[in-house]
Amino acid sequence: MLLLVLELAGTAVFAASGALAAVRARLDVFGVVVLGMTTALGGGVIRDVLLDVSPPTTLRDWRYLLVPAITSLAVFWYHPQVARLRRAVLLADAAGLGLFTTAGTTTALALGAPVYTACLIGMTTGIGGGALRDVLLREIPMVLRKEIYALAALAGAAVVALGDRLQLPAGPVSVVGSALVITIRVLALWRRWHAPVARGLDG
Amino acid sequence: MLLLVLELAGTAVFAASGALAAVRARLDVFGVVVLGMTTALGGGVIRDVLLDVSPPTTLRDWRYLLVPAITSLAVFWYHPQVARLRRAVLLADAAGLGLFTTAGTTTALALGAPVYTACLIGMTTGIGGGALRDVLLREIPMVLRKEIYALAALAGAAVVALGDRLQLPAGPVSVVGSALVITIRVLALWRRWHAPVARGLDG
Amino acid sequence: MLLLVLELAGTAVFAASGALAAVRARLDVFGVVVLGMTTALGGGVIRDVLLDVSPPTTLRDWRYLLVPAITSLAVFWYHPQVARLRRAVLLADAAGLGLFTTAGTTTALALGAPVYTACLIGMTTGIGGGALRDVLLREIPMVLRKEIYALAALAGAAVVALGDRLQLPAGPVSVVGSALVITIRVLALWRRWHAPVARGLDG
């Protein structure tokens with residue numbers, strides 16, 4: 001129950017990030033809703049396709065459709081306020097990344113995937129929606145540019161995999177894993193952590 | 001039988017739209033054929049992946065391969081005439097959108113998907129091929145820019161879902177649903193309907 | 001056993017092509033690894049999704065994860081040397097295309113797909129990873145621009161399908177098919193073969 005609430009919150013914040021990007025790209029109201037829903041549902045659909053869950057869970061449950069639709073419309077109407085809350089949106093995006101990654105890893109483990117497979121599928125769940133959003137708007141996906149993005153997701157997935165191996169209860173472990181992802185992302189944004197780029201490109 | 005003919009016609013017109021876009025991007029003859037076939041088959045492949053039909057129907061039936069290949073080559077050789085027929089291509093694209101959306105919705109319902117899931121999968125079937133075409137050519141997908149695109153597809157999917165609920169015969173219902181999509185798209189193009197964009201972007 | 005070694009070599013060279021493209025786009029070390037792995041694993045994941053193999057083979061076997069990760073890191077650290085070896089990378093990309101295409105076709109035939117379906121899925125396996133790489137970096141995929149790319153893959157897939165029909169042993173046939181793809185690609189690059197573009201675009 002706690003997990004469902006958290007997962008819907010993740011859906012909402014990813015929808016907000018997609019809708020806000022669409023508003024900035026000057027799309028009309030339908031484009032904003034389509035991109036918001038694609039961002040919110042994309043990661044889960046990719047996860048279910050990889051795990052052969054058909055039709056995808058997020059397309060079967062009306063709550064997963066209603067939440068991003070309403071969120072996208074809210075962003076469309078109130079976007080100046082949302083844009084001013086840019087820091088809150090980045091925080092929310094980090095929350096979505098953490099929650100979707102841990103939920104994806106948990107689902108993959110429950111369906112019998114090996115540990116590293118589950119971690120990869122969990123990462124893909126967390127990263128997929130945002131990557132779709134950026135590709136559709138012709139931008140290089142954030143996961144390729146923001147250095148601690150994929151690594152933060154991997155850390156969260158590893159926590160879930162470790163908890164599963166130690167047979168700890170899945171709910172609290174997911175909360176801890178999500179919190180770790182959020183903490184790493186927030187620290188990386190706040191401290192402006194940069195990973196190295198290859199040498200010799202300026203010469 | 002009527003439906004097969006209509007569906008192959010949809011494949012042909014989507015192939016034409018992809019091939020024409022490829023000619024405009026100055027791709028060579030192989031690029032034109034690859035993009036034409038990707039546009040024509042993409043929506044159906046996405047639908048079958050979501051519904052777990054393997055291997056995808058459109059990759060299993062040689063007619064679905066032959067029609068877009070020949071269409072793409074015809075566009076390559078006769079493209080000046082086709083380009084002059086830009087209005088016909090837009091009409092054909094609308095026809096493809098309508099036909100693929102209703103066929104996708106019908107298939108999803110037949111495989112036991114809930115109503116809103118079937119509508120979403122139907123929309124994705126209609127929209128998918130064109131979105132692939134635009135992403136591969138580095139353009140923002142038409143579905144995000146043309147306001148009545150996704151809404152027209154949704155209306156057609158809703159007609160099919162309603163007909164299924166009322167246990168009407170699937171064939172005529174698909175024709176009506178497709179005709180509705182085409183009508184909405186043609187009116188939107190002809191009357192230049194615009195949906196609102198978010199306020200405050202110019203300030 | 002020979003095939004496994006060749007397939008891992010294909011994974012490595014595709015990872016190198018993705019990582020090198022990422023270095024050129026000035027991504028940091030994590031972006032380089034993510035793009036290298038996506039390029040190396042993308043084609044196989046698409047194949048397994050189309051053929052309903054779940055979870056995808058390349059996500060289940062740690063060797064398929066370790067090889068591209070190490071290759072990407074090596075490219076990141078030694079990229080000036082790799083860039084000087086541009087010709088070797090193009091050759092390696094051709095090898096990857098050949099190997100993945102024949103492996104994909106063989107897998108599809110083994111799972112009972114019709115001949116033309118298997119050829120299409122084999123082509124998609126060979127082409128998919130590179131297409132993902134180019135779309136993520138906002139470039140028009142090589143398969144749409146390099147004329148003999150898709151045709152070379154199709155020739156290799158046809159060899160595998162023919163060998164299967166004649167009940168020849170799969171191993172040697174795959175080697176012959178891969179060699180054909182590599183030969184066509186190398187000749188096309190060396191002789192600068194060009195396919196025609198549509199007439200009348202300059203007028």
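Chain letters run A, B, ... following the sequence lines, proteins first and then strands; every chain starts at 1. Please read these numbers as outputs of a predicted model, since none were measured by experiment.
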Chain C contact via [X] - which portion, at a heavy-atom distance below 4.5 Å:
X: B:Val29; result: both
X: B:Val45; result: side chain
X: B:Asp61; result: backbone
X: B:Leu65; result: side chain

inquiry  = Tell me if the aromatic rings of B:Phe14 and B:Phe100 count as close, with their centers under 6.0 Å from one another.
reply    =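 Yes.
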Roughly how far apart are [X] [atom1] and [Y] [atom2], rounded to 0.5 Å?
X: B:Asp164; Y: B:Ser174; atom1: CG; atom2: OG; result: 10.0 Å
X: C:Leu120; Y: C:Met123; atom1: CG; atom2: CE; result: 6.5 Å
X: C:Met37; Y: C:Thr11; atom1: CE; atom2: OG1; result: 10.0 Å

query = For C:Pro196, is it the side chain, the backbone, both, or neither that has a heavy atom closer than 4.5 Å to a heavy atom of chain B?
reply =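 When you check distances to chain B, atoms from both the backbone and side chain of C:Pro196 fall under 4.5 Å.
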ask   = Side chain, backbone, both or neither: which part of C:Ile121 has a non-hydrogen atom closer than 4.5 Å to chain B?
value = side chain
request  = Between chain C and each of B:Val34, B:Leu136, B:Val49, count heavy-atom pairs under 4.5 Å; write down the option with the most.
outcome  = B:Leu136
task = Specify the closest pair of heavy atoms between B:Ile184 and B:Ala152, including all atoms of both residues, with the distance to one decimal.
result = CG2-CB, 3.7 Å
ask   = Is C:Asp48 paired with C:Arg60 through a side-chain N to carboxylate O contact shorter than 4.0 Å?
value =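 So C:Arg60 does not pair with C:Asp48 through a salt bridge.
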